[in-house]
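Residue numbers begin at 1 in each chain, while the letters A, B, ... track the order of the sequences.
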Number of protein chains: 2
Amino acid sequence: MKCISESTEERIKEAAKTVFLEKGFDGTTTRDIAKAAGINSALMNYYFRSKEKLFQSIFNDMCTLMFEGMLDLVNRPISLRDKISKLMDHQFQMMMQNPNLTIFIMNELHRNPERLYATVGMAKKLPESIFHQQIEDAIAQGIITPIDSHHIMTMIIANIQFLFVSKPMTMLAQGLDEAGFNAFATRHMEYVKDMICEYLFKPELSS
Amino acid sequence: MKCISESTEERIKEAAKTVFLEKGFDGTTTRDIAKAAGINSALMNYYFRSKEKLFQSIFNDMCTLMFEGMLDLVNRPISLRDKISKLMDHQFQMMMQNPNLTIFIMNELHRNPERLYATVGMAKKLPESIFHQQIEDAIAQGIITPIDSHHIMTMIIANIQFLFVSKPMTMLAQGLDEAGFNAFATRHMEYVKDMICEYLFKPELSS
DNA sequence: AAAAAGTTTAATCATTTGATTAAAATAAAA
DNA sequence: TTTTATTTTAATCAAATGATTAAACTTTTT
């Protein structure tokens, strides 16, 4: 998967990302990372000054991965209905490729909100977007149910993200394997897309 | 809050619950627990043989707290509409009292699925309930949209649980304090109850 | 009251862990 | 090639951590 001549710094970051996402900050030892990267454990401190610094770097990358695509979408000049659909599709794709991204971010943020506030600052930009204005306009025009955009955004995010946050539990409760879970998630996506759109865009409102 | 003559064992469990829920298994030291319980750290090993055993005990309690009320509800002989509403109310109450219950369980399960599978076994009982049969009946009678009960249960759970899983992020993104978050969550509850019920119980189906 | 059982503590052990250091290996510059 | 700078390693340190032990203290039993 990796090209042969990958810089040591990148190798360390790749390994750290894998291990941190799997075990979290507290559950990860610097030796874990060194082993996963195939390097001497002192090298980690040579490139990144400490476990904490390396973690901050990874956490920042993960927040960017989480939010940049969504930020791009909420500000794109497309119709509300299309935007909501694309927002959900994008999240779903992202989570299928990185199933433990959300549990990682949410958990680390829960453990240490102060330490990570700066890093997650981009989350603040989500509410202040074109999306918000579009919602207000649509409400004024009677196209959608009157409801604050924060709630809509929360619905969009929760129904997809929680699927993956609870992945191990769902697999256990339903006795699914990886493929079975993916099928369930894919089907669920369609249902929640319908549910949210039907809730917002009521026929009696648009008529 | 605690009565004066509380058994040492209970004091330790109370403290361990608080610390484990806050910091997780990896982030918690036995000294943390001892300090929180106001005891010598060797006492923990006297009552519970190890940190691992104590954790298992707490984790089991938390799973029970999470699922027993819901299991009771899904099997109660009440109407589907009432049941869905009560399921959501119950979860909401539970999470208001224990906001980090879900992130704790989901995270520990993610870190160590095998170790905790036995403990979470009760989650398996959720799908095999009267609720499931009620859904199938309602679909057969054309009262609700045809959809597998797993998906309905997931919608019910996700829309509430994720509110609390993402609590720190929501507070940051919207600049809310504790009271502000609670107000947001309470309002959101009403929206998602409406959304789910409207999605399932379509007027054209019941007529 | 004396003995026995149960509870609690201080001191300590062996590992683990994040980090440093000094030296070795490699690459770059002169 | 020699010198200098950069990269990598082995060895090690100090602190933290889970656990144990032996002794002190308390309660219960006889």
K.L.:
From CD of B:Glu10 over to C1' of C:dT7, roughly how many Å is that when rounded to an integer?
P.N.:
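After rounding, the gap between these two atoms is 17 Å.
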K.L.:
Nearest 0.5 Å please: distance from the CG atom of B:Asp148 over to the NE2 atom of B:His151.
P.N.:
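B:Asp148 CG to B:His151 NE2: 5.5 Å, rounded to 0.5 Å.
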K.L.:
Does A:Phe104 have its ring centroid less than 6.0 Å away from the ring centroid of A:Phe20?
P.N.:
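Here the rings of A:Phe20 and A:Phe104 have centres that are no less than 6.0 Å from each other.
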K.L.:
Between D:dA19 atom P and B:Arg49 atom CZ, what is the distance in whole Å?
P.N.:
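Distance check: B:Arg49 CZ to D:dA19 P gives 10 Å.
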K.L.:
Counting only side-chain nitrogens and oxygens, does B:Thr30 get under 4.0 Å of the OP1 or OP2 atom of D:dG18?
P.N.:
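It does, given that an N or O in the side chain of B:Thr30 lies less than 4.0 Å from OP1 or OP2 of D:dG18.
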K.L.:
Taking A:Lys193 as the fixed residue, which of A:Met88, A:His188, A:Glu198 is the one that meets the side chain to side chain contact (heavy atoms under 4.5 Å, CB included) rule?
P.N.:
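Answer to the side chain to side chain contact (heavy atoms under 4.5 Å, CB included) test with A:Lys193 among A:Met88, A:His188, A:Glu198: A:Met88.
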K.L.:
Phosphate oxygens OP1/OP2 of C:dT8: is one of them under 4.0 Å from a side-chain N or O of B:Tyr47?
P.N.:
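Answer is yes, contact under 4.0 Å.
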K.L.:
Could you state the atom-to-atom distance from OH of A:Tyr46 to P of D:dT9 in whole Å?
P.N.:
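So the two atoms are 12 Å apart, to the nearest Å.
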K.L.:
Measure from the side chain of A:Ser50, starting at C-beta and using heavy atoms only, and say which of D:dA19, D:dT9, C:dA19 lies closest.
P.N.:
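Nearest to the side chain of A:Ser50 among the choices is C:dA19.
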K.L.:
In whole angstrom, what separates A:Lys35's NZ from D:dA10's P?
P.N.:
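Those two atoms, NZ and P, are 15 Å apart.
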K.L.:
Between P on D:dA15 and CZ on B:Arg31, what's the gap in Å once rounded to a whole number?
P.N.:
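It is 14 Å, rounded to the nearest whole Å.
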K.L.:
Distance under 6.0 Å and angle within 45° of the ring axis: does A:Lys125 meet both against A:Phe67?
P.N.:
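Not satisfied by the 6.0 Å and 45° rule.
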K.L.:
Report the residue from B:Glu108, B:Lys17, B:Lys53 that forms a side chain to side chain contact (heavy atoms under 4.5 Å, CB included) with B:Ile58.
P.N.:
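Passing option: B:Lys17.
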K.L.:
Go nucleotide by nucleotide along DNA chain C from the 5' end; which of B:Ser41 and B:Thr8 gets its closest nucleotide reached first?
P.N.:
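Per heavy-atom nearest nucleotide, the more 5' residue is B:Thr8.
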K.L.:
Separation of A:Ile39 atom CD1 from C:dA25 atom P, in whole Å?
P.N.:
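These atoms are roughly 19 Å apart.
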K.L.:
Measure the distance from CG on B:Leu43 to P on D:dC25 and round it to the nearest whole Å.
P.N.:
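In whole Å, D:dC25 P lies 16 Å from B:Leu43 CG.
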K.L.:
Look at A:Asn40 and D:dA10 and indicate whether a side-chain polar atom (N or O) is within less than 4.0 Å of OP1 or OP2.
P.N.:
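Yes.
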K.L.:
Considering only D:dA19, C:dG6, C:dT20, which nucleotide approaches the side chain of A:Asn45 most closely?
P.N.:
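Closest of the options to the side chain of A:Asn45: C:dT20.
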K.L.:
Starting at atom CZ of B:Phe48, determine the distance to atom P of C:dT8, rounded to an integer number of angstrom.
P.N.:
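For the pair B:Phe48 CZ and C:dT8 P, the rounded distance is 12 Å.
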